[in-house]
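This report refers to the structure that appears directly beneath it.
Reminder, nothing fancy here: chain letters follow the sequence lines and each chain counts from 1.
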Amino acid sequence: MDVSELLNGLNDAQRQAVSSPLGHLRVIAGAGSGKTRVLVHRIAWLLAVENSSPYSILAVTFTNKAAGEMRSRLEEMLGYALSGFWVGTFHSICHRMLRAHHERVNLIRDFQILDRDDQVRLIKRIMKAHDLNEDFIKARQAVNIISGYKEQGKRWADLDHQTFNPVEKQILFLYEKYETHCRENSLVDFTELLLRTVELLRDDELIRKHYQSRFRHILVDEFQDTNDIQYAFIRLLSTAETDLLVVGDDDQSIYGFRGARIEHILDLEKSYPQLKSIKLEQNYRSSGNILNAANAVIAQNQERLGKDLWTEAGEGELIEVYQSINEYDETYYVTERIKSHVESGGLYNDVAILYRSNAQSRLFEEALLAESMPYRIYGGLRFFDRAEVKDAIAYLRLTENHHDDVAFDRIVNVPTRGIGTRTLDVVREVATSQQLSLWQASEYVLANQLLPNRASQALGGFITLINSLFAEKIPLGEYMKIVLDGSGLINYLKSKKVEKREDKIENLEELVNAATQFALRLDEEDKPDAVSLFLAQAALDAGETQASEFSDYVQLMTLHSAKGLEFPQVFIVGLEEGLFPHSESASIAEQLAEERRLAYVGITRAEKKLHLSYSEKRRLYGETTYPRPSRFIEEIPHTVLHYARGGPDHLRRQQISKGRGQSLREQTEGGVKLGQNIIHPKYGEGTITAVEGEGERQRIQVNFVEHGSKWLILAFAKIEMK
DNA sequence: GACGCTCTCATTTTT
DNA sequence: TGAGAGCGTC
């Protein structure tokens, strides 16, 4: 490959990063500054210029998507597929290491991975077995706290046990039971993958040295999101001789709540005194006004490495701000703007609606639906998280390992086969008292005839079923199909009036498909492990929520999930104190700083046009609130803003809302009637053809003489003057 | 085992 | 307000 090709088309800073001498390098990559490009070019540089072997390179990301993208962009650039090169998420890399050294860490080779849901179920079971209720602590909270300890590298034995606080006591108790259960059954949760690997590298000098000498080059993406245990992992793998490149943006650190520590990137030189640092500040995504807004907002934060984004593109359009009357009016504003965007030839696909919390999506969904605009909400359940898929996977798990209690618990009575709580209580009782797996306990219960006849039959039937599903040496796809047919899951769905049952059946068929595809992609040496590798992948990569990029729809998502994406038109909605910044975060300086970084992330998603909106009035948890506009709007220089409605001037705000609402309100006073004629300020004359909803949710369909049929939101008309 | 009632609770989430 | 969990009833 031609070396000049590696540097052509890069700016100075990017070029410096790509061609930097081997050593410890931190690249602070602002939003839209070509971060992935630098990573990919750097790896190509290592291969072509430094003559490094792919085998000596480790690239770590946070998501499977990012890992996949890195590999495919690299291979596209090189023109061939790389083997021996490790690129993956922290979790998948640790999984790989643990599998390779499973005996050393006391795991069976095909150890199972517990996801969040499995963990909660397990904790619930432990609580039940010990007659604990959720008064002190909810199972879900307990899981969070235990995971938090693990993220800090703290085992049960490392904790302070001198506590009289009943909540803490209970957590300690649960942690111990949970840890024991996982250890005895070779179960590993997400954090455990990291923790166990870190302990392995820490305690086993031989293995540590092996990886240290193998991975001469380590690259880490999104470094600002590393938590303590991930940081420890990188620290253990990299020595003074390692060529370490970390890429990240301290201003985009938005995952503090799940253990990410921004200090890892801020204070990296404390661990690596030779550290060099390069900033990428030229932005290739957004127009000048948008960058000005982003720079101004983030400048309010202390504790930054400090950078300012700039662009060679012009100022672009002003940022449009809309102060809505209420939350329905806000959706009206957004859909109207989208409508005109599309009418002037734009795509729905250009548009993203970003909000702070998921609950906000509902109203936008309703509005888009009413307007027949195509949309897609991100962040719903992923493929492998869907209940029916997890059920099917649980069959596979239990078939592979009869002592997988989590799987057993999940499907013993799915589809229903007459194994009720009473039967299970007996089984669990035996399992607890005799220290048996649920499977063994079932066998014991059956052998000793501890159950009434009918229950015995049902339980026996289940055991026989699972035994009969065990099949060796048939292709994974077919195996999956046998499991689905044999388990009766598909028939069960077909026979019932389950909601969205067509989708569910389709998902199960897709699962067979996924299994088949997975097996086809496996290397020859991995084929014997197809089932367990498939199970691992199902746990570690929950599958895309994203549909094909060829369809055209408005995209709705939280600000968090928008990170890394870009859109020509962005709406950030609900910019109100209490919502964004969220009330839970507003009073703690650190958390407020993180909210501000989130605003920065949101603003920098926009390429051409950014819309910001907030509402004068909003119903929240069943109560009417009159929030103040978000401080983040005030932090943006007024010169880049254009108020479509409202504004910093309160008087003006009132006048506009009065003027705008009155005509419709006057016309609809005393109730709305079908057939009634009205005059709309924008659409002119029309006749009401349908009325829907009540109060502020009331909507009318009007057939306009010149513009045809439209839905209007009547809340618009009901302005209460304060 | 399905249904309906009451109660509780309310960010952000990848692996 | 409204979603989801838990509980009691048929």
Side-chain angles (χ1 to χ4, degrees), chain A residues 60-67 88-95 113-120 124 128 133-135 138-141 144 147 150-151 188-195 221-222 225-227 229-230 253-260 327 354-363 378-382 384-385 413-422 458 496-498 536-545 557-564 574 578-586 588 591 594-595 597-599 601-602 618-625 695-697:
Chain A
V60 192
T61 65
F62 275 84
T63 65
N64 291 293
K65 197 176 154 199
T89 62
F90 278 99
H91 295 84
S92 69
I93 284 163
C94 289
H95 178 244
I113 299 169
L114 296 185
D115 64 16
R116 195 47 141 223
D117 196 49
D118 295 332
Q119 289 184 67
V120 174
K124 277 193 175 162
K128 210 167 186 174
N133 59 29
E134 297 205 331
D135 289 352
K138 295 258 157 66
R140 185 157 288 278
Q141 288 173 297
N144 285 338
S147 297
K150 287 187 168 193
E151 266 157 19
V188 172
D189 62 41
F190 286 133
T191 319
E192 183 74 27
L193 284 169
L194 268 303
L195 180 52
D221 192 15
E222 304 273 21
D225 288 336
T226 47
N227 63 28
I229 198 82
Q230 289 160 337
S253 163
I254 55 174
Y255 286 112
F257 67 92
R258 67 179 200 212
E327 58 269 48
L354 309 182
Y355 34 80
R356 174 67 236 265
S357 63
N358 284 307
Q360 288 168 265
S361 70
R362 213 191 81 240
L363 292 176
Y378 285 71
L381 279 186
R382 286 137 201 283
F384 283 109
D385 284 339
N413 202 29
V414 179
T416 48
R417 48 173 72 87
I419 303 176
T421 28
R422 309 214 35 175
K496 276 194 24 173
K497 286 199 193 113
V498 188
Q537 130 123 8
L540 289 176
D541 183 359
E544 286 285 321
T545 6
M557 65 189 82
T558 62
L559 287 146
H560 282 89
S561 34
K563 189 165 142 221
L579 255 192
F580 187 33
H582 197 274
S583 49
E584 301 280 307
S585 304
I588 301 161
Q591 291 186 21
E594 184 154 312
E595 295 279 304
R597 293 192 289 269
L598 190 58
V601 166
R618 180 181 297 273
R619 282 190 77 82
L620 205 61
Y621 305 143
E623 273 178 69
T624 304
T625 60
E696 284 182 347
R697 292 174 168 226

Mind calculating the distance between [atom1] ([X]) and [atom2] ([N]) to the nearest angstrom?
X	N	atom1	atom2	answer
Lys124(A)	dA5(C)	NZ	P	7 Å
Glu584(A)	dC9(B)	CD	C1'	12 Å
Ile254(A)	dT14(B)	CD1	P	10 Å
Arg140(A)	dG6(C)	CZ	C1'	15 Å
Ile229(A)	dT14(B)	CD1	C1'	16 Å
Tyr355(A)	dT13(B)	OH	P	9 Å
Phe580(A)	dA10(B)	CZ	P	21 Å
Ile93(A)	dT15(B)	CD1	P	13 Å

Using a heavy-atom cut-off of under 4.0 Å over every strand shown, decide if [X] touches base, sugar-phosphate, or nothing.
X	answer
Asn413(A)	sugar-phosphate
Phe62(A)	sugar-phosphate
Lys138(A)	sugar-phosphate

Nearest to the side chain of [X], which nucleotide is it out of [options]?
X	options	value
Tyr621(A)	dT15(B), dT12(B), dA10(B)	dA10(B)
Asn358(A)	dG1(B), dT15(B), dT12(B)	dT12(B)
Thr89(A)	dG2(C), dT15(B), dT12(B)	dT15(B)
His560(A)	dT14(B), dT12(B), dC9(B)	dT12(B)
Phe190(A)	dT13(B), dT15(B), dC9(B)	dT15(B)
Tyr255(A)	dT15(B), dG1(B), dT13(B)	dT13(B)
Arg619(A)	dT15(B), dT1(C), dG2(C)	dT1(C)

Answer yes or no: is there a donor N or O on one side and an acceptor on the other, between the side chain of Arg356(A) and the main chain of Leu579(A), under 3.5 Å? no
Rounded distance in Å between the P positions of dG4(C) and dT13(B): 15 Å
Judged by each residue's nearest nucleotide on DNA chain B, which is more toward the 5′ side, Arg116(A) or Gly420(A)? Gly420(A)
side-chain contact (heavy atoms from CB on, under 4.5 Å) assessment of Asn227(A) paired with Thr191(A): CA-CA 11 Å; Asn227(A) 63 28; Thr191(A) 319; 6.0 Å; no
Between the base of dT12(B) and the side chain of Arg356(A), is there a donor-acceptor distance below 3.5 Å? yes
Below 30° counts as parallel, above 60° as perpendicular, anything between as tilted: where do the rings of Tyr255(A) and His560(A) land? tilted
With the stacking rule set at 5.5 Å and 30°, tell me whether Phe90(A) counts as stacking on dT15(B). no
Thr558(A): partners by side-chain hydrogen bond (donor to acceptor under 3.5 Å, both in side chains), with sequence neighbours left out: Ser561(A)
Look at atom CZ of Arg417(A) and say whether more than 12 heavy atoms of other residues, nucleotides or ligands are closer to it than 6.0 Å. yes
